[in-house]
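Working notes, beginning with the structure itself.
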There are 2 protein chains.
Amino acid sequence: MEKRRDVFQAIADPTRRGIIALLAGQSMTMNAIADYFDTTRPTISEHVKTLIECGLVVIRKEGRERHCEAKLEKLAEVSDWVAQYAKAWSKTLDNMETYLLEVSEKQKKSKNAKSENTRKSGGK
Amino acid sequence: MEKRRDVFQAIADPTRRGIIALLAGQSMTMNAIADYFDTTRPTISEHVKTLIECGLVVIRKEGRERHCEAKLEKLAEVSDWVAQYAKAWSKTLDNMETYLLEVSEKQKKSKNAKSENTRKSGGK
DNA sequence: TGAATATGTAGGGAATTCCCTACCTATTTA
DNA sequence: TAAATAGGTAGGGAATTCCCTACATATTCA
């Protein structure tokens, strides 16, 4: 019964991409997430579980609540995979480059004393 | 029973990602593709069909042969989706930026044959 | 403590996925 | 033209996915 739990599989489902979109803005409880969708709470719970299992979401317990936080570093696996084929479509490439440059410029300016990124949550 | 045929679903399958990897280098016939995998030819044929249906592959007929070509612009849908969350993980962001800059430099200047693949071999 | 709240999970059903073995058509070649 | 070659597709089976309705557990509140 071993299911395939990789990031590619995780983001294949539209509802899970929706959950990611929600959590990217702020962390939310299970119920709050479920309110955004037509499906039932248990179903959302399962989707979040899937996201947790592949490292895209972590849970912060707070009393009886579970606050779900996006942990989107794992999406790097996807962008790495796509990036190796980026040379095939230069137009999009330029857009992306521009976007990324812009974002990282902002980051470099705003944070100076923070340069450790050595996480090891679910790493492989 | 309409199946969901979107790019996210298409790249969720490891074999289909393998086919994309193959076709990114050069176009190949169905049989040639099938030779690279353990699965049977009909199975590969189905996978390619899926890729065609979501626009990642096109077919050029040549006699009784079907030459499959990668048409990876559609992957932009994926990279766009990922890019909107890129600000969340700066480390990977830098890698990506570096990579993309490098690639586009090559494009802007000229076509030099320089292939350093800093791929991580630890697939799964 | 008992009720309400937040969430997890079991069990199951319908649809889909992934793979296989035939079998069928189209094209090339002997 | 018959045989070989390239490829498509039907039919089916096993596993997985996605969703649901109970039901169970933990925490907070009255």
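All of these numbers come straight from a predicted model, not from anything done at the bench. Below, chain A is the first sequence line, B the second, and so on; all start at residue 1.
Formation of a donor-acceptor pair under 3.5 Å by the B:Arg41 side chain with backbone atoms of B:Ala34 is not found in this model. At least one donor-acceptor pair closer than 3.5 Å links the side chain of B:Arg17 to the backbone N or O of B:Ile11. No donor-acceptor distance shorter than 3.5 angstrom exists from the side chain of A:Gln9 to the backbone of A:Asp6, with no hydrogens or angles considered.
Remark: C1' of D:dG8 and CG of B:Leu51 are 16 Å apart, rounded to the nearest angstrom. To the nearest angstrom, C1' of D:dG12 lies 13 Å from CD of B:Glu46. As rounded to whole Å, 13 Å separates atom C1' of D:dT9 from atom CD of B:Glu53. Atom CG in A:Asp38 sits about 10 Å away from atom P in D:dC19, given to the nearest Å. Between the CZ atom of A:Phe37 and the P atom of D:dC18 there is a distance of 13 Å, rounded to whole Å. Atom-to-atom, CZ of B:Phe8 to P of C:dT16 comes out at 21 Å; the value is rounded to the nearest Å. Here C:dT7 presents its C1' atom at 14 Å from CG of A:Asp35, a figure rounded to the nearest Å. Between A:Glu62 atom CD and C:dT7 atom P the separation is 11 Å, expressed in whole Å.
Considering only the side chain of A:Met30, C:dT7 comes nearest among D:dC18, D:dG7, C:dT7. Among the nucleotides D:dT9, C:dT17, C:dC18, the one closest to the side chain of B:Arg5 is C:dT17. Side-chain proximity of B:Arg64 to the nucleotides C:dT27, C:dT21, D:dG7 is greatest for C:dT27. Taking only side-chain atoms of A:Thr15, from C-beta outward, the nucleotide of C:dT7, C:dT21, D:dC19 with the closest atom is D:dC19. The side chain of A:Gln9 lies closest to D:dT17, out of D:dT17, C:dC19, C:dT17.
Of the side-chain N and O atoms in B:Thr40, none sit less than 4.0 angstrom from OP1 or OP2 of C:dC19. Contact annotation: A:Ser45 side-chain N/O to C:dG8 OP1/OP2 distance is under 4.0 Å. The shortest distance between the side-chain N/O atoms of A:His67 and the OP1/OP2 oxygens of C:dA6 is not below 4.0 Å. For the pair A:Arg66 and D:dA26, the criterion of a side-chain N or O lying under 4.0 Å from OP1 or OP2 is not met. Contact annotation: B:Asn31 side-chain N/O to D:dG7 OP1/OP2 distance is under 4.0 Å. Taking only side-chain nitrogens and oxygens, A:Thr39 never comes nearer than 4.0 Å to OP1 or OP2 of D:dC19.
The 5' end of DNA chain D is approached more closely, in terms of each residue's nearest nucleotide, by B:Ile59 than by the other of A:Thr43 and B:Ile59.
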I would like to know whether A:Glu73 and A:Lys71 meet salt bridge (Lys or Arg N to Asp or Glu O under 4.0 Å); could you show each step before the answer? CA-CA 6 Å; A:Glu73 296 92 352; A:Lys71 204 86 166 45; 3.8 Å; yes

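Of the residues A:Arg66, A:Glu62, A:His67, the one that meets the side-chain contact (heavy atoms from CB on, under 4.5 Å) test with A:Thr29 is A:His67.
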